[in-house]
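Read through the structure below, which is laid out as structure tokens, and then see the notes.
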2 protein chains.
Amino acid sequence: MKYTKATNYALHIMAYFVKQEGKDNLSLQPLASHMDISPTYLSKILTQLVKADLIQSTPGVNGGYSLRKPKTEISFYDVIQAIEGSGALFTCEMDENRACHIEKVMRDAEEKMVNHLKEKRIYNIV
Amino acid sequence: MKYTKATNYALHIMAYFVKQEGKDNLSLQPLASHMDISPTYLSKILTQLVKADLIQSTPGVNGGYSLRKPKTEISFYDVIQAIEGSGALFTCEMDENRACHIEKVMRDAEEKMVNHLKEKRIYNIV
DNA sequence: TAATTAAAGACAAATACAGTCTTTATTATC
DNA sequence: GATAATAAAGACTGTATTTGTCTTTAATTA
Ligand code: SF4
Ligand code: SF4
């Protein structure tokens, strides 16, 4: 179990957006060379961030990407969830057993991690 | 990112050992039918648990597996680590940068989860 | 020695992840 | 309206990880 590379990229991308806040739209090509990722792959990650409402995109001339929300409102968790999805880390088939103590321990543990990731904002670290 | 099925199996297996504490060695075949896993696959999981010193194995007639430590000393984390390994969930290539704040947030978050998993013992939930 | 058990390792299948390529849709400018 | 610049979508491929099987070897007991 590891975070995906896409999550790593996404965090770095968002950190860059937070740094550049207020500037013009950033378009794919310059971003790709700055981040040293292929433009098409970067595009897929950016699209996921757009769908999660963390950034917005505008097509056409002078288009590109920019932050959607105030930078102070973007947590690590927001970014991670945009890429990794929102399912629990631990699941089992015979689910819907609310009395299961194994699941409870695992979910409580995950929640501790998640809470920390919700507290920390990207702008805290740029 | 998800916990592997093997981790799920391992937790259930260890819970079973804790329940059966004090009884004779459990051998592969009966364990496999109780857990409803194929014996050879189960064997691989058990071998990992043996290597992590959570259970011990004895070959030969009347051999099998049994707990290695007092049941009160076996945490969720012990079991999970035996299967998932001990590497951090979040890593990046250009590592060894101790000043990196992204890594710090991610590791601190993971630590919160890990601490909870270290506190909780398998015998707490059987 | 024979029977019973676990360990090791080669192998195969399925799934998830990483990344590329091509086509389509949207917007701005001329 | 045509053209250029941009993002979005989706098919596709390669690689890595996970899950699982099969066969052989080693250890122990009787
Ligand atoms: S005991 Fe809990 S974790 Fe195990 S299979 Fe049932 S619901 Fe899932
Ligand atoms: S900034 Fe931190 S997380 Fe990013 S590549 Fe450098 S060390 Fe890794």
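Naming: A, B, ... by sequence-line order, numbering from 1 per chain.
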Rounded to whole angstroms, how far apart are NZ on K5(A) and P on dT17(D)? 10 Å

Which listed nucleotide (dT26(C), dA8(D), dA8(C)) is nearest to the side chain of S57(A)? dA8(D)

Considering just the side-chain nitrogens and oxygens of N62(A), establish if one lies under 4.0 Å of OP1 or OP2 belonging to dT29(C). yes

Take atom OH of Y9(B) and atom P of dT19(D), then tell me their distance rounded to the nearest Å. 8 Å

Here the distance between atom C1' of dA8(D) and atom CG of L31(A), to the nearest Å, is 16 Å

Whole-Å distance, I55(B) CD1 to dA6(C) P, equals 10 Å

Can you tell me the distance, in whole Å, between the CG atom of D24(B) and the P atom of dT29(D)? 14 Å

Where the side chain of N124(A) meets the backbone of R121(A), is there a donor-acceptor pair that is under 3.5 Å apart? yes

Closest to side chain of V61(B), choosing from dA5(D), dT4(C), dT20(C): dT4(C)

D78(A) side chain to S75(A) backbone, donor-acceptor under 3.5 Å: yes

Just to be sure I understand the rule, does S27(A) reach a base, reach only the sugar-phosphate, or reach nothing, if contact means heavy atoms closer than 4.0 Å? sugar-phosphate

Side chain of Q56(A), backbone of L67(A): donor and acceptor closer than 3.5 Å? yes

Just how far, in rounded Å, is P of dT19(D) from CG of L42(B)? 14 Å

M1(A) or G63(A), whichever maps to the more 5' nucleotide of DNA chain D: G63(A)

Sugar-phosphate, base or nothing in reach of K2(A), heavy atoms under 4.0 Å: nothing

Could you go step by step and tell me if I102(A) and H12(B) meet the side-chain contact (heavy atoms from CB on, under 4.5 Å) rule? CA-CA 8 Å; I102(A) 293 182; H12(B) 286 84; 3.8 Å; yes

Indicate yes or no: at least one non-hydrogen side-chain atom of E84(A) is less than 4.5 angstrom from one of T7(A). yes

Hey, does the side chain of T40(B) come within less than 4.0 Å of dC22(D)'s phosphate (OP1/OP2), counting only N and O? no

Figure out the CD1/P separation between I83(B) and dG20(D), and round it to whole Å. 13 Å

Any T4(B) side-chain N or O less than 4.0 Å from OP1/OP2 of dT18(D): no

Indicate whether OP1 or OP2 belonging to dA13(C) is found under 4.0 Å from a side-chain N or O atom of Y41(B). no

Taking 4.0 Å as the cut-off, does a side-chain nitrogen or oxygen of Y65(B) come that near to OP1 or OP2 on dA7(C)? yes

Distance check: side-chain N/O of T58(B) vs OP1/OP2 of dT5(C), anything under 4.0 Å? no

Gap between atoms CG and C1', on L46(A) and dA9(D) respectively (whole Å): 14 Å

Can a side-chain donor-acceptor contact be found between Q20(B) and K23(B) if the only test is distance below 3.5 angstrom? yes

Taking the nucleotide of DNA chain D with the closest heavy atom to each, which residue, T7(B) or S43(A), is nearer the 5' end? S43(A)

According to a strict under-4.0 Å criterion, is K44(A) in side-chain N/O contact with OP1 or OP2 of dC21(C)? no

